[in-house]
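Okay, so here's the structure we're looking at.
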Amino acid sequence: MTIRAIVRGIGHYLPDRVVPNSELEQSLDTTDAWIRARSGIERRHIAADGQCTSDLATRAARAALHNGGLEPGDIDAIVLATSTADLTFPSVATMVQAELGMTRGFAFDVQAVCAGFIFALSNANALIVSGQAERVLVIGAETFSHIMDWSDRSTCVLFGDGAGALVLEAQQGAGTPQDRGILSTDLHSDGRYRDILYVDGGVGTRSTGYLRMQGKEVFRHAVEKLAKTAHAAVRKAGLDDADVDWIVPHQANYRIIKATAQKMGHPMKDVIVTVQDHGNTSAASIPLALSVGVAEGKIKQGELVVTEAIGGGLAWGAVALRW
Ligand code: UT7
């Protein structure tokens, strides 16, 4: 018998304020047509003044617990992926722990930028299969609006705020690819590419800083690396790309999402796409897409899901799981 980390509950939260591309046309030298054509983005949610990542994360966590019929006291650990923590420390995960009224267990943040949720899932899976935790709340939450240079049209039109969460729970499996739960993970990073996507502030500069990106370069790496890592995860699970029911990609750019699906031999009807409504929400984009995919009745129990992402670092990876 093998211990598997299965998804017990899922949920998400998006701030109330929706900013359509037309609103950005008012303050920037940009057009709705350019943003849609280059990225597929039509609108994004933006956090209210004073609303921080921990607030979005807590709401998503409550939604996931409710969906799984669980209480905060049922959770052993929180693993939270973010690059936009409320403060330098403590971790957002411990803030969520306190907000939920959870007084036992442990909580920590994972920082792998847009690939953060993949790394968080992998960490949470390791906690479960090694017997250190039975139920782990895995959260991806971001307020990228706080690190946008709102005068830089090449970046600020692309990002949005949001949070998604799921509960992983230990379950006995047979050790075959037919088991429910996480079947494999595939993680990578290459710090030589730190300069193509970074924030120009932090503790070292005593400022928060703004996101800076060489979009074309990141695009090139994404198209080259995402299908490879997704394929590697599927192969490690003992399966083929054709066995995949749903591709749930990081939602950065519709053109990247489509190119990756094509390389994996899948039509777009097999892909969960939310980039038009959420923009790029970094580590929150995958749990948001998973939650929307489940809420819309697309992703169903027993189906094979592969999820993949790339972001600053560069850091990238994929997870294959049976829902
Ligand atoms: O989540 C982490 C991973 N991030 C990504 O995966 C993002 C990857 N990159 C991308 O998605 C795309 O590269 C972008 C959407 C950022 C840009 O698309 P692109 O096709 O690579 O365009 P570009 O950067 O080459 O810019 C083309 C032109 C430039 O003008 P010139 O130099 O050709 O005259 C830009 O100045 O578009 C101009 N431009 C804009 N025009 C109108 C850049 N931003 C805008 C804008 N509105 N907002």
Side-chain angles (χ1 to χ4, degrees), residues 19-44 81-84 111-120 140-145 147-162 164 188-191 193-199 210-230 247-261 263 271 273-276 278-289 307-318:
V19 175
N21 292 345
S22 56
E23 195 175 320
L24 299 173
E25 287 178 338
Q26 313 303 314
S27 55
L28 291 163
D29 179 17
T30 191
T31 60
D32 172 50
W34 189 95
I35 300 169
R36 281 177 195 245
R38 296 294 176 142
S39 70
I41 297 165
E42 298 173 20
R43 59 193 70 80
R44 74 284 293 141
T82 193
S83 302
T84 47
Q111 209 269 49
V113 202
C114 296
F117 196 74
I118 297 289
F119 282 69
E142 302 278 17
T143 46
F144 260 50
S145 63
I147 53 165
M148 284 300 115
D149 174 350
W150 287 100
S151 65
D152 176 8
R153 68 175 185 173
S154 71
T155 53
C156 76
V157 303
L158 302 173
F159 292 88
D161 300 334
H188 303 268
S189 66
D190 190 338
Y193 301 112
R194 55 181 275 180
D195 292 338
I196 65 172
L197 178 50
Y198 68 102
V199 171
Y210 297 108
L211 180 143
R212 305 294 176 202
M213 177 167 73
Q214 294 174 32
K216 252 195 178 9
E217 273 302 292
V218 178
F219 190 100
R220 197 174 60 73
H221 283 283
V223 170
E224 179 205 318
K225 293 179 167 61
L226 287 172
K228 268 190 200 160
T229 185
I247 301 172
V248 184
H250 169 47
Q251 309 283 320
N253 186 315
Y254 186 80
R255 291 184 291 145
I256 296 173
I257 293 171
K258 195 172 172 191
T260 304
K263 284 189 177 188
V271 186
V273 183
T274 54
V275 69
Q276 71 284 356
H278 302 163
N280 182 346
T281 58
S282 189
S285 94
I286 285 173
L288 274 165
T307 181
E308 31 84 354
I310 186 166
L314 293 175
W316 68 100

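Both ligands and their constituent atoms are indexed starting at 1 by order of listing. Along the sequence shown, residues are numbered consecutively beginning with 1.
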For ligand 1, indicate whether the residue Phe219 contacts it via side chain, backbone, both or neither (heavy-atom separation under 4.0 Å). both
Please list the nearest protein heavy atom to atom 15 (C) of ligand 1 with its residue and the distance rounded to 0.1 Å. Asn253 ND2, 3.6 Å
Please report whether atom 30 (O) of ligand 1 has a protein non-hydrogen atom at a separation of less than 4.0 Å. no
Is it the case that atom OH in Tyr210 sees more than 12 heavy atoms from other parts of the structure closer than 6.0 Å? no
Say whether Ser154 and ligand 1 are in contact under the criterion: heavy-atom distance to a ligand atom below 4.0 Å. yes
Under the 3.5 angstrom rule, does the side chain of Lys263 hit a backbone N or O of Val223 as a donor-acceptor pair? yes
Which of the numbered atoms in ligand 1 are under 4.0 angstrom from any heavy atom belonging to His250? 1 (O), 2 (C)
Would you check, one step at a time, whether the test side chain to side chain contact (heavy atoms under 4.5 Å, CB included) holds for Thr31 with Glu25? CA-CA 6 Å; Thr31 60; Glu25 287 178 338; 4.0 Å; yes
Might you check, step by step, whether the distance between atom 6 (O) of ligand 1 and some protein heavy atom is under 4.0 Å? yes
Could a heavy atom of Leu197 be found less than 4.0 Å from some atom of ligand 1? yes
Heavy-atom nearest neighbour in the protein, as seen from atom 22 (O) of ligand 1, with distance rounded to 0.1 Å: Arg38 NH1, 3.5 Å
Interfacing atoms of ligand 1 (cut-off 4.0 Å, heavy-atom, Val157): 48 (N)
Around atom 44 (N) of ligand 1, find the nearest protein heavy atom and jot down its residue, atom name and distance. Trp34 CH2, 3.3 Å
Tell me the protein heavy atom at minimum distance from atom 23 (P) of ligand 1, and give that distance in Å. Lys216 NZ, 4.0 Å
With atoms numbered from 1 as shown, which atoms in ligand 1 lie under 4.0 angstrom from a non-hydrogen atom of Cys114? 1 (O), 2 (C)
Closest protein heavy atom (residue, atom, distance) for atom 18 (O) of ligand 1: Arg255 NH2, 3.4 Å
Derivation of the side chain to side chain contact (heavy atoms under 4.5 Å, CB included) call for Gln251 and Thr281: CA-CA 7 Å; Gln251 309 283 320; Thr281 58; over 6 Å; no
List the steps, then state whether side chain to side chain contact (heavy atoms under 4.5 Å, CB included) holds for Arg255 with Arg38. CA-CA 8 Å; Arg255 291 184 291 145; Arg38 296 294 176 142; 4.0 Å; yes
Mind checking whether Ile35 has a heavy atom under 4.0 Å from ligand 1? no
With Arg212, which residues qualify under side chain to side chain donor-acceptor pair (under 3.5 Å), at least two apart? Asp149, Asp200
Taking all non-hydrogen atoms of both residues into account, name the closest pair between Val248 and Thr307 and its distance. O-OG1, 2.7 Å
For residues Ala115 and Ala315, report the shortest heavy-atom separation together with the two atoms involved. CB-O, 3.4 Å
Select one of side chain, backbone, both or neither to describe which atoms of Ile310 lie under 4.0 Å from any atom of ligand 1, heavy atoms only. backbone
Kindly say whether Ile41 contributes a backbone atom to a donor-acceptor pair with the side chain of Asn21 at under 3.5 angstrom? yes
For Ala252, the atoms of ligand 1 under 4.0 Å from one of its heavy atoms are 1 (O), 5 (C), 6 (O)
Qualifying residues under ring pair (Phe, Tyr, Trp, His ring centres under 6.0 Å), relative to Tyr193, sequence neighbours excluded: His221
Looking only at protein heavy atoms, what sits closest to atom 36 (O) of ligand 1 is Arg153 NH2, 3.1 Å
Per-atom contacts, ligand 1 versus Thr30 - under 4.0 Å to a heavy atom: 42 (C), 46 (C), 47 (N), 48 (N)
Nearest protein heavy atom to atom 4 (N) of ligand 1, by residue and atom, and its distance? Val218 CG1, 3.6 Å
Would you say atom 34 (O) of ligand 1 touches the protein, meaning some protein heavy atom is under 4.0 Å from it? no
Please check: side-chain N/O of Glu142 versus main-chain N/O of Thr84, any donor-acceptor pairing under 3.5 Å? yes
closest protein heavy atom to atom 9 (N) of ligand 1 is Gly215 O, 3.0 Å
Would you say CZ of Arg194 has more than 12 non-hydrogen atoms from neighbouring residues, nucleotides or ligands within 6.0 angstrom? no
Does ligand 1 have a heavy atom under 4.0 Å from the side chain of Asn280, from its backbone, from both, or from neither? side chain
Exam field: side chain Arg153 to backbone Leu28, donor-acceptor pair closer than 3.5 Å: no
